[in-house]
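Encoded as structure tokens, the structure appears first; notes follow it.
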Amino acid sequence: KAGVTQTPRYLIKTRGQQVTLSCSPISGHRSVSWYQQTPGQGLQFLFEYFSETQRNKGNFPGRFSGRQFSNSRSEMNVSTLELGDSALYLCASSLEGAGANVLTFGAGSRLTVL
Amino acid sequence: SQKIEQNSEALNIQEGKTATLTCNYTNYSPAYLQWYRQDPGRGPVFLLLIRENEKEKRKERLKVTFDTTLKQSLFHITASQPADSATYLCALGGASNTGKLIFGQGTTLQVKP
């Protein structure tokens with residue numbers, strides 16, 4: 001069973017540019033969540049999509065957006081990049097039910113903003 | 001605001017000993033708490049989940065306790081091995097059963113042979 005796949009694994013951008021990150025969840029998982037991980041702030045929740053709808057949103061500016069497709073694959077976009085956006089962006093998928101969401105994470109996309 | 005605190009400093013122990021990691025939280029009433037392991041350059045991997053009405057959970061060499069009165073969880077690794085060296089993250093989840101978890105900063109464990 002394939003795990004959560006994130007692409008690209010590494011990317012370098014300059015301030016002001018935009019970036020799109022992709023996430024393919026585990027087959028059958030309809031929930032996809034995105035997290036930002038930095039040394040200073042740790043793992044912070046960005047947003048969650050379920051059945052193509054944003055179900056939850058974290059406390060990030062509107063430059064951070066996402067979407068989910070009918071096959072549950074998800075993308076997140078960051079526009080007008082700032083130096084502080086340099087981070088590891090992690091995608092996680094989960095299977096609904098049982099009253100608790102266990103997340104399966106991908107390896108992450110490491111973004112460096114110069 | 002909601003806050004989670006884990007041992008901020010790295011934990012260094014000798015192989016064979018029991019490692020105990022702490023997770024304290026404030027301003028939150030989680031429905032469940034999870035522990036994840038993260039190795040350098042990789043995403044976190046789920047280890048254990050404990051619900052608010054449970055006191056203790058075990059899985060092989062791992063044990064987690066959950067005290068909702070103290071607002072604290074303890075994570076134990078018995079008979080620790082160098083392969084257990086990693087960063088361990090605790091995460092709180094609410095009753096809404098979504099992918100939104102609140103993570104602690106993590107504790108880095110180093111097990112020396």
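Hydrogens, waters and symmetry mates play no part in the numbers below; they use all other heavy atoms, side chains included. To find a chain, count down the sequence lines: A is the first, B the second, and so on, and within it residues start at 1.
For chain A, the option among B/G106, B/A91, B/G43, B/P44 with the highest count of heavy-atom pairs below 4.5 Å is B/P44. Annotation: maximal heavy-atom pairing with chain B below 4.5 Å, among A/L103, A/T104, A/L46, A/V32, occurs at A/L103.
The side-chain tip of A/R55 points at the ring of A/F50 from less than 6.0 angstrom away and within 45° of straight on.
Only the side chain of A/R9 comes within less than 4.5 Å of a heavy atom in chain B; its backbone stays farther off. Both the backbone and the side chain of A/L43 come within contact range of chain B, judged by heavy atoms closer than 4.5 Å. Heavy atoms closer than 4.5 Å to chain A are found in both the backbone and the side chain of B/L101. A/Q44 does not touch chain B: none of its heavy atoms, backbone or side chain, sits under 4.5 Å away.
Between A/D85 and A/R63 there is a salt bridge, with a side-chain nitrogen of the basic residue lying less than 4.0 Å from a carboxylate oxygen of the acidic one. Look at B/K3 and B/E5 and you find a salt bridge, because one of the NZ, NE, NH1 or NH2 atoms lies within 4.0 Å of a carboxylate O, short of that distance.
Sorted by first then second residue, the disulfide (SG to SG under 2.5 Å) pairs that include residues 36-69 of chain B, not counting sequence neighbours, number zero.
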Tell me, with the steps shown, if B/W35 and B/L62 meet side-chain contact (heavy atoms from CB on, under 4.5 Å). CA-CA 10 Å; B/W35 283 88; B/L62 308 180; over 6 Å; no
